[in-house]
Amino acid sequence: MSNMRRREFITLLGGAAAVAWPLAARAQQPAMPTIGFLNSESPDRFASNVRAFLEGLSQAGYVEGKNVAIEYRWAESRYDRLPAMAADLASRKVAVIATPASTPAALAAKAATTTIPIGFGIGGDPVHSCRQSQPAGW
């Protein structure tokens, strides 16, 4: 191979690497975190609370669709659906499961995972609620 062709080839490889490197760097960026949102009610009955939840996230620097994704699950007052919904969120490996103002949802999330953090807000004593839901001797 002549010196000229060798230089052209090396220049071509260098140019290709310069173009490919930023693409590879972008491909290695971490995925957008996902919040699992589990509630025993329906979205229309809980709309103001969802707005407040999203506002709180925004104040913490998280904007849905921009730098955080949210997987919503609504039981529509059918508490028997909560365990399957919580298990689904856990299987999706969400970063956290939020169960605002829903003790049944918090208990379902607690039963579905021991590794994913659960954020909850309930009016009663959470320790007492959890103990009541456990089998005897727990």
For a quick test of reading the model, state the closest non-hydrogen atom pair linking Leu82 to Ala105 and the distance between them.
CD1-N, 3.8 Å
Among all residues two or more places apart in sequence or in another chain, which pass the ring-ring contact (aromatic ring centres under 6.0 Å, His included) test with Phe37?
Phe53, Tyr72, Trp74
Under the side-chain contact (heavy atoms from CB on, under 4.5 Å) criterion, do Thr99 and Ile118 qualify, and how do the steps go?
CA-CA 7 Å; Thr99 63; Ile118 301 164; 4.1 Å; yes
Give me the atom names and distance for the closest heavy-atom approach of Leu89 to Gly36.
CD2-CA, 3.9 Å
Name the atoms and distances for all side-chain donor-acceptor pairs under 3.5 Å in residues 56-63, with sequence neighbours left out.
unit_1	atom_1	unit_2	atom_2	d
Gln59	NE2	Glu55	OE2	3.4

List for me each residue that meets side-chain hydrogen bond (donor to acceptor under 3.5 Å, both in side chains) alongside Arg81, sequence neighbours excluded, and say none if there are none.
none
Search all heavy atoms of Asn39 against all heavy atoms of Ser102 and return the closest pair with its distance.
ND2-CB, 4.1 Å
Rounded to the nearest 0.5 Å, what separates atom CD1 in Ile97 from atom CZ in Phe120?
13.0 Å
Could you list the residues that satisfy side-chain hydrogen bond (donor to acceptor under 3.5 Å, both in side chains) with Asp44, not counting sequence neighbours?
Ser42
Heavy atoms, side chains only, cut-off 4.5 Å: are Thr34 and Val68 in contact?
no
On a heavy-atom basis, which atom in Ala108 and which in Ala86 lie closest, and how many Å separate them?
O-CB, 3.5 Å
For Glu41 versus Ser77, what's the shortest heavy-atom pair and its separation?
OE1-OG, 3.4 Å
Would you please name every residue forming a salt bridge (charged side-chain N to carboxylate O under 4.0 Å, His left out) with Glu71, sequence neighbours left out?
Arg73
Nearest heavy-atom contact between Thr113 and Ile116 is OG1-N, 3.1 Å
In this structure, would Val94 and Leu38 fall into the same cluster of hydrophobic residues linked by side-chain contacts under 4.5 Å?
yes
Got Leu54 and Ile70 here, is their nearest side-chain heavy-atom distance under 4.5 Å?
yes
With sequence neighbours left out, what residues match Arg92 under side-chain hydrogen bond (donor to acceptor under 3.5 Å, both in side chains)?
Asp88
